[in-house]
Amino acid sequence: MLKRFFLPLLLLTLLGTCVRAQQEILRSQTALRVINPRVEYRSGNVSIDVEKPRFSWELTGEGRNRHQTAYELKVLNEREVVWHSGKVNSNATNQIGYNGQPLQSGLQYRWTVTSYDENDQASTVSGGMFRTGLLRFADWQGLFISHYVGYDTTDLYQDLYLPPARYLRREFTVADKQIKRATAYTTALGLYELSINGQKVGEEMFLPGWTDYDQRLYYQTFDVKALLEKGDNAIGVILADGWYAGYIGYALLTRQDKVREFYGVNPAFMGQIHVEYTDGTTEIIATDETWQSSTGPILEADILMGEHYDARLEQVGWDRPGFTPATPWAEPRRYTFPSGRLQAYPGDYVMPRETLRPVKMTEPSPGTYIYDLGKNIAGIIELKVEAPAGTKITIRYGELLRDEDGGLMTANLRKARATDTYVTRGGGVETWRPRFTYHGFQYVELTGLPTRPAADAVTGIALSSITTDAGEFTSSNTMNDQLFQNIKTTQAANFFEVPTDCPQRDERLGWTGDAHVFARSATYVADVAAFFTKWLIDLDDSQHWYGAYPNFAPMPFSRPEQYSPAWMDAGVIIPYTMHKVYGDTRVLEKAWAGMENFMAFQADASTGHLRPGAGNNWGDWLTTGPKTSDDFIASAFYGYDALLMARMATALGKTDRAAHYRSLFNDIKAAFTKKYLRPDGSTTEGTQTALALALYFDLYDEAIAPQAAQLLARAITENGDKFSTGFLGTKHVMLVLSEYGHHDLAYRLFQQTEYPSWGYSVVNGSTSIWERWNSYTRDADSNDAINAAMNSFSHYAFGSVAEWMFLHALGLETDGPGYRKLRIQPAFSREMDHLEGSYHSINGTISSAWKWSGDELTFSLTLPPNTTAEVVLPLARAGTLRESGKLLKTGKDSPLIGERAGQTLLRVGSGSYTFSWVEK
Ligand code: BGC
């Protein structure tokens, strides 16, 4: 009897102990932790006006094969939960859209996320706050106001017209009650800086950002509670022309019908501050005619031309309460409300990102002082000087010094005056920073000082919309390490509100070709999700009525004929890149109608499925080699567009459109093959670029493609391991070489230092990526003369090699959208001793490193939780493949899958691995 009960009981207890023990082992793994919670790709004080904002987070935790099994999201307003997702069984950690009660205008929301790991252990974090903007037009009470400065009838082609900045002020009283919340909603046609009680609000600059102002204008939302005082308060606003009314691009150089005032003549400000008290009352102080207006010390303020500040004209206390001006301020003028939409800013703001102390100061001629900041940035300086009142200091900027006399090289700035002037107030040390201009420079020249300035008279302030901290790359070749730093520097300098081609000369436009060639590289250097979200709206807004995307966006020069094959394709390539890298389908939905129109325009312009090179044709811009025909390039890109459209249609579940574009691609491919490709793999063009584009765009028959890649490899080898390609060909040469296994050659190109190569610029001392392969040579007589009409030293297009560095050298590719599943296949080669790097993806940081020791290769890989990867390694000599020192065999729980297509295939989950082997 006893036995009958005892035995099963014993067995049960034993079983229970085993299960518990196993659970204990699992539990001893600490719970996965949620980090980096964001709304619409942004964190901190985010202001949004989208109906269903998207949430994201990352996970961190020890051990291997970790993943999320469920999540739970809660969004709360001040009183209640407005959305509770419930526990959702899913490993999704991003692109999760709000799905609760409609968000209300002008409110603050809090959100929390709980992530459950594989043991159902929960980690909850607060996602912080996000604020909704003023969602209804009726919420806006402010009027657009400005100070009227008259208008100079200057001949705009002869002289510069640079009006002074406008100043606006308003005093108001805060009641003797407890403030619950105080929010400023502000915008301007032009650029503005807002201050409250003498303090600048926020670090952001170049507000409200650049858009096609006739179509949309962004506003900002600031929490200003901490700046308010009980009793008397004052709001101050400085307004400048900016992109709205100032000089833009090369309009002056090419004498367009307009050279400035592309969107309007008078900058104007509009805004309102909502002071909400705990007793439920709200006071709104909005812009109207009761404000006061004037001019001040900023006598000129223009993005391209520079700023002129006369400190003697400062009106001390103008943005504080109780100010009595020497001459009375005027009543501001009212301006009409723009016709475009008023929306919350969706991107990342320009702000100071890095401070640079001079590394050297020289005096090339008496009284001319030049400060070297050590690298070529975009931004401003902070000037710190002491001189008698009225001393006029002229500040000029350059990317290079003249070899012959050490003077500042400014020939390449063209019509950008890029000169600031500061007139001292006197009476002690004074510091100043311009507000409404920026320059592309490494060197700063000061003239006009009565005595030698101090070594710290100049501090460089790099401005950018992005932080370049997504990727790291180092290797056994310091030249390549410097190259990566140069790419970072140049991307930071040009991801400035829009992706500009260059930051120094009279251009600084969002060139479409440059942007798409570099887009994927950009994602490895910085988190550019919000930045491109914003710019893709600009691109959509500037699409021509007949379907072509323009040469640059925003497109202020209303020139409908401006489009170009291989530039306009940015409208398809960048949305595709956003989906691939961030798993963003909303971007595709938004761009879809425009992309379809673009494809219809292309179909219309083609004959027999081939596109003629109509429009502005820059071809393989700045190539050093023979030209690839415009027709070839136009048709190749048309094919690529069709291929990407088919993939995007699939991602959006548009099956019919996917089939349509798939068959369009096949038609283009057939026509293209017939006209341009030969059975031996060669092209009618005979250029490296032609081979690279046709291969990368899948235009070759699978059977012939390896042969074509072989021809490309041979062409490069015969050219002394050098390419002869421009903006379009260069990155594709690298990608195609590695795709077809020509790794050694790719590394030789990568490490090449002879002209033309990346190394050539590095050994010539560059700190940035140049526009031309030969922008500068040390042995030229004078570098002033070289290509001065078009020679930027900060042009990211050739930095597109970063894509190959991360995708192939480090082997970090996503398998499907958004880096949830990865494909890790580093391009190992004897051409380098070691390489290491990491990429902070939307799912966390992935790192990869490999190094040779004798015949043995060691490859270390770390994957963040919630990701899995297929790892492809070369075949190992029998019995040499190890992981963390242990021999690897196929079998249950082993990451080793076996051999596939002459390679070793492994499948791993999150965690760190060290593989080593001797190659066969
Ligand atoms: C820009 C380029 C752009 C090109 C078009 C140049 O002036 O700086 O980068 O793509 O024009 O040819």
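For the numbers below, each heavy atom of this structure counts, side chains included, while hydrogens, waters and symmetry mates do not. Fair warning: this is a prediction, and the values are worked out from it, not measured in the lab. Whatever order the structure lists them in is the order used to number ligands and atoms, beginning at 1.
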Is [X] salt-bridged to [Y], going by a charged N under 4.0 Å from an acidic O?
X      : Y      : result
Asp241 : Arg260 : yes
Arg508 : Glu497 : no
Arg216 : Asp212 : no

- Item | Working for ring-ring contact (aromatic ring centres under 6.0 Å, His included), residues Phe727 and Trp618 | CA-CA 10 Å; Phe727 273 28; Trp618 292 294; over 10 Å; no

- Audit row: Ser768, Ser794, side-chain hydrogen bond (donor to acceptor under 3.5 Å, both in side chains) steps and yes/no: CA-CA 6 Å; Ser768 51; Ser794 183; 5.5 Å; no

Considering non-hydrogen atoms of the protein only, which is the closest contact for [atom], and what is the distance?
atom                    : value
atom 11 (O) of ligand 1 : Trp511 CZ2, 3.6 Å
atom 7 (O) of ligand 1  : Glu507 OE2, 2.7 Å
atom 10 (O) of ligand 1 : Asp514 OD1, 2.6 Å
atom 4 (C) of ligand 1  : Trp621 NE1, 3.7 Å
atom 1 (C) of ligand 1  : Asp501 OD2, 3.3 Å

- Message: Let's go through Phe473 and Tyr524 carefully: what are the C-alpha distance in whole Å and the side-chain angles of both, what is the deciding distance for ring-ring contact (aromatic ring centres under 6.0 Å, His included) to 0.1 Å, and is it a yes or a no?
- Response: CA-CA 10 Å; Phe473 181 95; Tyr524 283 120; over 10 Å; no

- Message: Give the atom numbers and elements of ligand 1 that come within less than 4.0 Å of a heavy atom of Glu771.
- Response: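 Numbered from 1, ligand 1 contributes 8 (O).
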
- Message: So if I count the atoms of ligand 1 from 1 in the order they appear, which ones are less than 4.0 Å from some heavy atom of Phe727?
- Response: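 Checking each atom against Phe727, I get 9 (O).
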
- Item | For ligand 1, the portion of Tyr250 having any non-hydrogen atom under 4.0 Å away |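 Looking at Tyr250 and ligand 1, no heavy atom falls under 4.0 Å.
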
- Record the part of Arg508 in heavy-atom contact with ligand 1 below 4.0 Å; permitted values are side chain, backbone, both and neither.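 Neither; no heavy atom under 4.0 Å.
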
- Message: Taking only non-hydrogen atoms of Phe552, do any sit less than 4.0 angstrom from ligand 1?
- Response: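 Heavy atoms of Phe552 never come under 4.0 Å of ligand 1.
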
- Query: Short N/O distance, under 3.5 Å, between Arg505 and ligand 1?
  - Reply: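 Yes: some nitrogen or oxygen of Arg505 is under 3.5 Å from one in ligand 1.
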
- Centroid-centroid under 6.0 Å between Phe750 and Trp804 rings: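 Here the rings of Trp804 and Phe750 have centres that are less than 6.0 Å from each other.
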
- Message: For Tyr638 and Phe665, I'd like to know if the aromatic rings sit close, meaning centre-to-centre distance below 6.0 Å.
- Response: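 They do not qualify: ring centres at least 6.0 Å apart.
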
